[in-house]
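Every value quoted in this text rests on a predicted model; they were computed, and no experiment measured them.
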Amino acid sequence: IGALEKGQEIHVEIERRGFLERDCMVGNTLLDMYAKCGSLVMAQEVFNELLVQDVVSWNALIGGYAEHGYALDVLQGFEEMQLQGVCPNAVTFIHSLKACSTIDDVEKAEEIHFEIERRGLLERELIGNTLVSMYAKCGLLSKSQQVFETLQVRDVVSWTSLIAGYAEHVDGERALTCFEQMQVEGVTPNAVALICALKACSNLGAPEKGQTIHAEIERQGLLESDIVVGNSLVDMYARCGLFAIAQEVFDKIPVRDVISWNALITGYAEHGHIDDVLKCFDQMHVHGISPNAATFVSITKACCSIGSTNKMAEIHAEIERLGLLEKCNVVGSSLVYMYSKSGNLTKAEHVFHKLPIQDRVSWTILMGGYAQLGNFENMLLIFERMLGEDIKPDPVAFLVVLDTCTRAGLVDKGYSYFEAMSKDYG
């Protein structure tokens with residue numbers, strides 16, 4: 001229950017009775033408590049005091065680091081325990097594989113995979129599933145599929161890991177093939193599998209398949225009980241342009257959060273339904289839902305289309321009030337985009353200079369604004385300033401630059417940029 005203070009009281013009692021030095025199980029449980037409560041310094045201290053640091057002790061410490069996102073510490077612990085002659089078990093391997101997927105350390109993952117196979121542990125269901133998931137998250141989908149096919153038992157977790165990998169790496173066709181095959185083999189999809197399949201439908205623009213998944217969601221009663229599933233369904237229909245059904249599903253969700261509203265707003269924005277975007281934005285305020293970064297990215301794009309100075313000022317003021325300009329670069333860049341597209345470069349520059357990080361995206365947006373107005377001199381000055389800040393231009397930046405040189409008739413300059421684009425930036 002995360003009751004750290006109570007745990008510390010019990011720790012005092014353990015010390016008073018001398019249990020820490022003579023009872024390995026008490027020591028390991030104390031270490032585990034601190035690790036699970038996120039008090040990793042104390043966990044490490046208890047670990048260092050243990051007379052015997054066995055595989056359970058190491059797993060408790062490594063598990064704590066894994067649970068709180070310290071992937072490098074997990075892998076360091078994995079190395080250290082072996083140097084000290086402690087043999088890792090299935091739990092250790094699972095934590096270490098998850099750490100590899102967090103930091104995309106494929107080389108280390110393959111080493112661990114080899115060790116798992118050498119010790120004949122691949123038959124263990126949890127290890128097999130973790131390997132499938134790890135390779136999928138790292139984008140090595142052929143490896144993930146290969147491990148999947150060697151599994152003796154393919155449960156909903158194995159299937160979902162594979163489906164999630166394909167959906168995440170935009171191979172919607174394979175994701176849906178796996179989803180259908182899973183059901184053919186008699187495995188009922190869980191909420192995560194359904195969400196991944198809906199994402200695949202969105203990416204493919206396949207609402208017919210989405211409707212089949214919708215029927216399964218209704219059959220399992222998940223629309224009313226799982227908001228993430230409900231939001232994913234709204235998102236799929238909205239992105240596929242079926243707004244009447246998206247609204248219908250939206251209305252059925254018992255408690256609608258900011259993500260539910262964003263799903264509708266993003267769908268309307270992507271299909272150019274600007275009035276509906278702004279209407280939804282106003283309605284979410286009426287319902288007491290505070291917009292987040294994703295909401296503002298869609299709204300600023302909508303404002304560009306209508307060119308309403310008042311609405312832009314209103315949106316800008318709300319972003320400032322919520323402190324998102326300083327906290328979230330994506331929102332700041334979208335605001336620069338809004339002003340640039342509307343031709344208000346003074347405002348665009350003003351926002352640009354307030355950004356916490358002036359990244360490649362924000363520089364390119366500003367360049368595009370000047371290029372759009374035909375102010376080629378300033379556009380090229382901004383490009384040179386960006387290079388002066390050691391920011392590497394991407395293909396979009398070069399498109400803007402070459403287009404500007406074309407329109408301004410700057411053949412020699414265009415050629416020098418072409419040379420730089422080829423030789424310096426590949």
Side-chain angles (χ1 to χ4, degrees), residues 170 172 198-211 214 230-251 253 256-287 289 291-319 324 328 330-345 347-348 351 361-362 364-373 395-396 399-400 403:
V170 203
L198 287 170
K199 185 177 182 178
C201 293
S202 299
N203 292 337
L204 291 170
E208 307 81 14
K209 295 209 177 218
Q211 284 172 319
H214 184 174
N231 289 345
S232 301
L233 195 54
V234 174
D235 184 67
M236 184 275 297
Y237 281 125
R239 285 183 191 272
C240 292
L242 298 177
F243 294 108
I245 308 177
Q247 186 70 57
E248 213 176 282
V249 174
F250 178 85
D251 293 338
I253 297 172
R256 296 184 284 267
D257 60 7
V258 66
I259 297 164
S260 323
W261 286 97
N262 283 351
L264 269 186
I265 288 169
T266 305
Y268 281 129
E270 279 181 9
H271 289 84
H273 295 228
I274 306 307
D275 289 342
D276 291 305
V277 171
L278 298 174
K279 187 178 161 189
C280 274
F281 183 66
D282 291 338
Q283 279 181 348
M284 75 186 286
H285 281 91
V286 170
H287 285 84
I289 305 291
N292 64 7
T295 323
F296 284 116
V297 169
S298 295
I299 292 298
T300 47
K301 284 181 183 174
C303 286
C304 299
S305 305
I306 57 167
S308 166
T309 312
N310 290 341
K311 196 70 184 170
M312 286 182 202
E314 185 190 311
I315 301 298
H316 186 169
E318 189 166 359
I319 288 169
L324 286 172
C328 184
V330 177
V331 172
S333 294
S334 69
L335 207 50
V336 174
Y337 176 81
M338 179 183 79
Y339 284 127
S340 295
K341 287 294 281 182
S342 308
N344 191 340
L345 272 301
K347 276 275 193 188
V351 174
V361 174
S362 46
T364 305
I365 289 168
L366 201 56
M367 285 163 51
Y370 279 109
Q372 183 183 292
L373 286 181
V396 180
L399 279 172
V400 176
D403 183 54

Suppose the criterion is salt bridge (charged side-chain N to carboxylate O under 4.0 Å, His left out): which pairs have a residue in residues 291-302, not counting sequence neighbours? none
First locate atom [atom1] of [X], then atom [atom2] of [Y], and finally report the distance between them rounded to the nearest 0.5 Å.
X    : Y    : atom1 : atom2 : answer
I259 : N292 : CD1   : CG    : 7.0 Å
E208 : C201 : CD    : SG    : 9.0 Å
L399 : M367 : CG    : CE    : 10.0 Å
C240 : L204 : SG    : CG    : 9.0 Å
K199 : R239 : NZ    : CZ    : 9.5 Å
E248 : H214 : CD    : NE2   : 7.5 Å

I want to check something: taking the side chain as every heavy atom from C-beta on, are [X] and [Y] in contact at a cut-off of under 4.5 Å?
X    : Y    : value
K347 : V351 : no
P291 : I299 : no
N262 : S298 : no
D257 : I289 : no
I265 : T295 : yes
D275 : K279 : no

[X] versus [Y], closest heavy-atom pair with distance:
X    : Y    : result
S202 : D235 : OG-OD2, 4.1 Å
M236 : G210 : CE-CA, 3.6 Å
C303 : I315 : SG-CG1, 3.9 Å
L324 : A293 : CD1-N, 4.4 Å
V277 : A302 : CG1-CB, 3.7 Å

Are W261 and F250 near enough that their ring centres are under 6.0 Å apart?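 Under 6.0 Å, so yes.
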Excluding sequence neighbours, so at least two apart, what forms side chain to side chain contact (heavy atoms under 4.5 Å, CB included) with V396?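 Checked V396 against side chain to side chain contact (heavy atoms under 4.5 Å, CB included); matches are T364, D394.
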Residues in side chain to side chain contact (heavy atoms under 4.5 Å, CB included) with L242, at least two apart? P207, Y237, I245
Could you give me the CA-CA distance, side-chain angles and deciding distance for V234 and S260, then say whether side-chain contact (heavy atoms from CB on, under 4.5 Å) is met? CA-CA 7 Å; V234 174; S260 323; 5.9 Å; no
Name the atoms and distances for all side-chain donor-acceptor pairs under 3.5 Å in residues 330-341, with sequence neighbours left out.
{"unit_1": "S333", "atom_1": "OG", "unit_2": "N329", "atom_2": "O", "d": "3.1"}
{"unit_1": "S334", "atom_1": "OG", "unit_2": "T300", "atom_2": "OG1", "d": "3.3"}
{"unit_1": "S334", "atom_1": "OG", "unit_2": "V331", "atom_2": "O", "d": "2.7"}
{"unit_1": "Y339", "atom_1": "OH", "unit_2": "H316", "atom_2": "ND1", "d": "2.7"}
{"unit_1": "S340", "atom_1": "OG", "unit_2": "V336", "atom_2": "O", "d": "2.8"}

Is K311 atom NZ crowded by more than 12 heavy atoms from other residues, nucleotides or ligands, each under 6.0 Å away?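 For K311, atom NZ is crowded (more than 12 foreign heavy atoms under 6.0 Å).
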Pairing residues for F243 by the ring-ring contact (aromatic ring centres under 6.0 Å, His included) criterion, not counting sequence neighbours: Y268, H271, H273
Going by the rule salt bridge (Lys or Arg N to Asp or Glu O under 4.0 Å), which residues pair with D251 if we only count those two or more places apart in sequence or in a different chain? none
